[in-house]
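Below, chains carry the letters A, B, ... as their sequence lines are ordered, and counting in each starts from 1.
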There are 2 protein chains.
Amino acid sequence: MPKSDQPKPKKQYHHGNLRQALIDAGLELIAEGHGAQIDLRKVARKVGVSHTAPYRHFADRNELMAAIAEEGLRNLADKVHRKIETVPDDFLSKLEAFAREYVEFAIAHPQLMREMFSGINTDYDAHPTLRQALLYLFEPLVSTLKQSQAADEIAKTEYVHLTLIIWSMIHGFSALVVENYVIRKSLQGTEAIDNMVHLCVQTLYHGLARKDTL
Amino acid sequence: MPKSDQPKPKKQYHHGNLRQALIDAGLELIAEGHGAQIDLRKVARKVGVSHTAPYRHFADRNELMAAIAEEGLRNLADKVHRKIETVPDDFLSKLEAFAREYVEFAIAHPQLMREMFSGINTDYDAHPTLRQALLYLFEPLVSTLKQSQAADEIAKTEYVHLTLIIWSMIHGFSALVVENYVIRKSLQGTEAIDNMVHLCVQTLYHGLARKDTL
DNA sequence: ACCTGAACACCGTTCAAGT
DNA sequence: ACCTGAACACCGTTCAAGT
């Protein structure tokens with residue numbers, strides 16, 4: 001980071017929108033894997049402001065983390081949306097696409113994934129846009145679920161419950177790969193991972209495929 | 001923890017086995033929910049030693065956390081073992097028992113669960129007993145899996161993979177209930193949770209029930 | 001051998017003060 | 001209105017020294 005080599009005479013940060021700059025810097029720090037934990041002072045340093053400046057834009061560290069998590073969630077959702085539009089319009093294809101994109105994102109951004117779903121401290125009620133980002137992520141899955149139910153392809157169980165079942169499986173697999181050393185090591189290589197994702201999807205598909213209710 | 005051949009039963013902490021005392025204190029602090037994050041100095045304070053004393057027994061904070069996680073894992077495994085022995089000897093009953101105990105433990109000890117499976121920093125190779133505790137947890141499930149495979153009840157897929165599929169679903173559901181505000185709030189009450197666990201188990205059961213391979 | 005106390009380099013957060 | 005700098009109460013970790 002050469003400080004004297006500024007591409008443009010970018011105006012002093014003292015003016016630009018520091019809020020977004022802090023979020024971006026946080027995402028970059030997480031991506032660089034620089035340390036497991038992100039801290040306010042490091043983010044501020046990266047942006048080039050004093051370590052107290054963030055307090056003008058975020059009530060505390062948690063608020064900044066929530067904003068970063070939301071941005072991450074949106075990135076994942078965009079990725080899912082982009083992919084799911086390109087696959088054939090049947091439940092299995094959509095489900096598999098959702099699963100693959102989710103797992104791929106988790107593996108590519110383990111630390112971010114952690115932050116996104118370590119929401120013990122995050123009150124979604126206080127962050128309506130965060131909740132909205134979550135709905136946006138599941139929108140394509142919910143849509144294919146309803147379609148398949150109408151076609152008598154899968155169980156008539158409440159779609160919210162079905163979504164949670166699917167999310168549990170995919171999220172659980174992602175979490176174990178990312179968090180658990182044993183699993184992470186035993187599944188070295190994308191081919192082993194792809195195979196497991198396929199097995200999870202097959203289990204979900206056959207487990208949910210019925211004309212009655214679960 | 002009965003020590004049959006311990007010469008001196010109880011002395012001041014300055015002599016007793018500080019290692020175990022620190023682990024116990026850590027578990028208590030986590031249980032009390034006193035703050036999300038556990039810290040070394042607080043644990044030492046609770047035991048009544050200086051904040052540098054732990055360094056005689058653990059290389060660093062991570063080592064203490066790993067020891068606490070291991071104890072937690074063993075508690076969960078014991079709970080699972082006790083329960084699973086009391087249910088009928090068929091795959092579905094065993095699977096449901098495993099799932100219920102796992103989820104129940106997660107909800108009862110969210111913070112501990114987090115610590116147990118936030119192993120990004122934990123090198124299982126350096127902690128053989130931790131790995132062993134994990135195998136112990138899955139032993140009853142693996143055993144019923146193999147039995148059911150022999151009886152042509154479920155898919156002939158490698159049992160390690162089947163275990164991971166099941167673990168993913170149950171762990172994922174637990175994680176979402178514990179970590180995600182939206183899910184946590186939407187599943188208030190044990191009856192809603194029980195219902196979801198049942199749906200997850202049904203999906204797994206029907207998804208895995210086949211005579212060939214997945 | 002096990003433990004303590006001072007010391008160091010960090011954090012998150014607050015507050016008075018600058019521009 | 002937005003930002004800075006000093007200040008405070010904390011951590012994790014190291015090290016010389018005590019018992």
> Could A:Arg131 and A:Glu70 be called an ion pair, given the rule that one side-chain N must be under 4.0 Å from one carboxylate O?
Replying inline: no

>> Output the rounded distance in Å from CG (A:Asn17) to C1' (D:dA1).
In response: 15 Å

>> Tell me whether A:Asp194 is salt-bridged to A:Arg100, with the criterion being a basic N under 4.0 Å from an acidic carboxylate O.
In response: yes

>> By the ring pair (Phe, Tyr, Trp, His ring centres under 6.0 Å) test, which pairs, at least two apart or in different chains, include something from residues 38-80 of chain A?
In response: none

>> Are there runs of at least three consecutive Watson-Crick or G-U pairs touching DNA chain C, with each pair's two distances under 3.5 angstrom? Give them by first number.
In response: C:4-8 with D:12-16, C:12-16 with D:4-8

>> What's the separation between atom CG in A:Leu199 and atom CG in B:Leu214, rounded to the nearest 0.5 Å?
In response: 5.5 Å

> Does a sphere of radius 6.0 Å around CD in B:Gln188 hold more than 12 heavy atoms from other residues, nucleotides or ligands, not counting ones at 6.0 Å or beyond?
Replying inline: yes

> B:Asn17 side chain to B:Arg19 main-chain N or O, any donor-acceptor pair under 3.5 Å?
Replying inline: no

>> Among A:Phe138, A:Tyr136, A:Phe98, exactly one meets ring-ring contact (aromatic ring centres under 6.0 Å, His included) together with A:His81. Which residue is that?
In response: A:Tyr136

>> Does this structure show an ion pair linking B:Lys79 with B:Glu104, if we count only N-O contacts that are shorter than 4.0 Å?
In response: yes

> With the sugar-phosphate defined as primed atoms, P, OP1 and OP2, and the base as all remaining atoms, what B/S/- string results for nucleotides 6-19 of chain C, 5' to 3', for protein heavy atoms under 4.0 Å?
Replying inline: BB---BBBB-----

